[in-house]
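Okay, structure first, notes after.
Excluded from the calculations below are hydrogen atoms, water molecules and symmetry mates; all remaining heavy atoms, backbone and side chain alike, are included.
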Amino acid sequence: MRRSFKFLLRPTGRQAAALTRCLEDHRELCNAALEHRRTAYRKAGVRVRYGGQSAELKHIRADDPGGQGRWSFSSQQATLRRLDKAFKAFFARVKAGRTPGFPRFKGRGWFDTVEWPKDGDGCRWDSQPCHPTATFVRLQGVGHVRVHQHRRVLGTVKTISIKREGARWFVVLSCADVPAVTLPATGTVAGIDMGVASLVTTSDGEHLVNPRHLAVTADRLAAAQRDLARKKRGGKRRRKAVARVAALHAKVRRQRLDGAHKAALALVRDHDVIVHEALKVTNMTKRAIPRPDGNGGYLPNGAAAKSGLNRSILDAGWGVFLTILSHKVESAGRELIAVDPADTSRTCAACGHCARENRVTQAAFRCTGCGHTAYADVNAAVNILRAGLALRDAAEAA
Ligand SMILES: [Zn+2]
């Protein structure tokens, strides 16, 4: 099984400066490669591929020994491969008849990861194994950087990445052959409804993780963004405001991950089978389509209400949560079932009567058929569980 481990780095001042240069040079490489692809495509209709750019990398390095030549060849290739992936996705979307955005130039601060695709090649995890107390990672051009290793690393380290989040640096290890730790069976099954007030509500009526503190940070982030918009370009105050926004973004991410981990852990510990709704988060967070009114203006399309909902959805971070849950389910040897979310919130869990009117408010459910009342999210979780078990029975019968 594959799993990743993320640790805070404690670089010295000199190492932090080197890390910044490393990121900056990889960003410039990425932008140059993007420019190359764009011009070749625009002027000659030629599609530049990864192989060609990778071959050219040798010359770039030779011409710039004190710049691009300082860094690991393999990490630079990884950056070019990432760009290649972005282009492949772009052309795939074009082919599917959608109108995707062209891969973009990365501005300062919009490029935050460098990956070394193989431990031992321009990088080395645990580079000073004999050190009695501290762990280090060696990065070409940077040195042995101290790692705050707060947990044990399992399996074999495959790739090593560095990541900048606000003012902090992290190392991310992607490990293979991580042994699964199977948990004892509990004999219980649960359906879960994912919501905004609680990240997760179970069919037993348990509410897991109230993301209120996340909403507080989101409010502060919104305020910081408004503040940033008022600052003049190029000023010192603006730089500070940018740093504040970045730090709050990182905090939102950390809180969301933390909440998702807690909820997922509790679910996996307590249940053998977990059923959830298959959500298309990308569809739900899509911008509302403008509706022309025929006179050059636009009709109301609910965009304001929808962007509020967007924020809530992003706040709740269901996609992040489901990813984490599926990893934990796999490593614990549990079972995860996804069901079609249609009608789960408007069907009565007691009698099966399905009507829009059943849903009295966002929070309350009252069946117009049998009078059954419940929390709307618990009612939905019960329906989800039922649908999941039905799917499972059908699969076993087949
Ligand atoms: Zn009913």
Side-chain angles (χ1 to χ4, degrees), residues 6 8-9 11 16-39 48 50 53 57 60 67-68 70-72 75-90 93 99-117 139 141-142 159-172 217-218 220-257 282 285 287 310-311 314 317 319-320:
K6 182 176 173 186
L8 184 66
L9 284 177
L19 284 169
T20 305
R21 279 197 302 274
C22 177
L23 211 54
E24 201 46 28
D25 280 352
H26 278 77
R27 177 176 78 92
E28 274 175 15
L29 178 71
C30 179
N31 282 344
L34 173 56
E35 177 63 35
H36 178 204
R37 282 174 182 255
R38 275 169 61 132
T39 359
V48 177
Y50 166 75
Q53 296 205 311
L57 191 53
I60 295 174
Q68 294 291 351
R70 288 176 287 185
W71 315 114
S72 149
S75 70
Q76 291 171 322
Q77 283 182 315
T79 295
L80 293 180
R81 231 177 276 125
R82 240 156 73 203
L83 179 69
D84 190 55
K85 220 166 137 191
F87 265 88
K88 287 213 172 104
F90 169 76
R93 288 195 295 268
T99 46
F102 201 75
R104 292 190 199 194
F105 287 101
K106 301 288 184 192
R108 216 173 265 273
W110 290 99
F111 187 92
D112 55 14
T113 304
V114 171
E115 186 196 285
W116 283 259
L139 305 166
V142 181
T159 76
I160 297 180
S161 308
I162 54 159
K163 201 163 186 301
R164 180 172 59 192
E165 285 180 15
R168 306 203 287 176
W169 293 92
F170 293 88
V171 59
V172 181
T217 316
R220 281 174 57 202
L221 177 60
Q225 272 167 337
R226 281 196 300 274
D227 181 52
L228 171 62
R230 284 195 297 267
K231 298 282 185 284
K232 264 203 238 67
R233 295 194 74 90
K236 190 170 138 199
R237 285 163 190 272
R238 185 180 157 87
R239 230 175 25 246
K240 275 194 178 161
V242 168
R244 200 154 49 236
V245 167
L248 284 168
H249 262 299
K251 185 165 186 185
V252 164
R253 249 191 325 265
R254 276 200 307 279
Q255 287 178 328
R256 178 180 298 147
L257 275 176
T282 46
T285 58
R287 254 193 311 174
N310 279 358
R311 218 205 66 184
L314 297 172
V320 171

Check whether any side-chain heavy atom of [X] lies under 4.5 Å from a side-chain heavy atom of [Y], and answer yes or no.
X    : Y    : answer
V242 : K231 : no
L57  : Q77  : yes
Q225 : H249 : yes
S161 : V114 : no
F170 : R164 : no
W116 : L139 : yes
V142 : I162 : no
V172 : I160 : no

Atom [atom1] of [X] and atom [atom2] of [Y]: how far apart are they, to the nearest 0.5 Å?
X    : Y    : atom1 : atom2 : answer
N31  : T79  : CG    : OG1   : 11.0 Å
R237 : L228 : CZ    : CG    : 13.5 Å
R254 : R168 : CZ    : CZ    : 4.5 Å
D112 : K163 : CG    : NZ    : 5.0 Å
C22  : W169 : SG    : CH2   : 7.5 Å
R108 : L23  : CZ    : CG    : 10.5 Å

Heavy-atom pair with the smallest gap, counting every atom of [X] and [Y]:
X    : Y    : result
A16  : P11  : N-CB, 3.8 Å
C30  : L83  : O-CD2, 3.9 Å
V252 : A218 : CG2-N, 4.4 Å
P117 : A78  : CD-CB, 4.2 Å

Checklist entry - For the side chain of R256 and the backbone of R253, is there at least one donor-acceptor N/O pair under 3.5 Å apart? => result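 Looks like no, no N/O pair under 3.5 Å.
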
Checklist entry - Under 6.0 Å between the ring centres of F111 and F105? => result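 Ring-ring flag for F111/F105: false, centres at least 6.0 Å apart.
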
Item to check | Worked verdict on K251 versus L221 for side chain to side chain contact (heavy atoms under 4.5 Å, CB included) | outcome: CA-CA 9 Å; K251 185 165 186 185; L221 177 60; over 6 Å; no

Decide, yes or no, whether a salt bridge links [X] with [Y] under the criterion of side-chain N to carboxylate O below 4.0 Å.
X   : Y    : answer
R37 : E35  : no
E28 : K106 : no
D84 : K88  : yes
R27 : E24  : yes

Checklist entry - Can S75 and E115 be counted as having a side-chain donor-acceptor contact under 3.5 angstrom? => result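 Side-chain D/A pair, S75 to E115: absent.
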
Checklist entry - Is it the case that Q76 and H26 place a side-chain donor and acceptor less than 3.5 Å from each other? => result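 There is no such pair (donor and acceptor under 3.5 Å, judged by atom type) between the side chains of Q76 and H26.
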
Checklist entry - Within a reach of under 6.0 Å around NZ of K240, are more than 12 heavy atoms found that belong to other residues, nucleotides or ligands? => result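 12 or below, so no.
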
Checklist entry - Do other residues, nucleotides or ligands put more than 12 heavy atoms under 6.0 Å from the CZ atom of R220? => result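 Not more than 12 within 6.0 Å, no.
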
Item to check | Stepwise side chain to side chain contact (heavy atoms under 4.5 Å, CB included) test for K85 and R82 | outcome: CA-CA 5 Å; K85 220 166 137 191; R82 240 156 73 203; 5.6 Å; no

Checklist entry - Would L80 and Y50 satisfy side chain to side chain contact (heavy atoms under 4.5 Å, CB included), going step by step from the backbone distance to the final call? => result CA-CA 7 Å; L80 293 180; Y50 166 75; 3.8 Å; yes

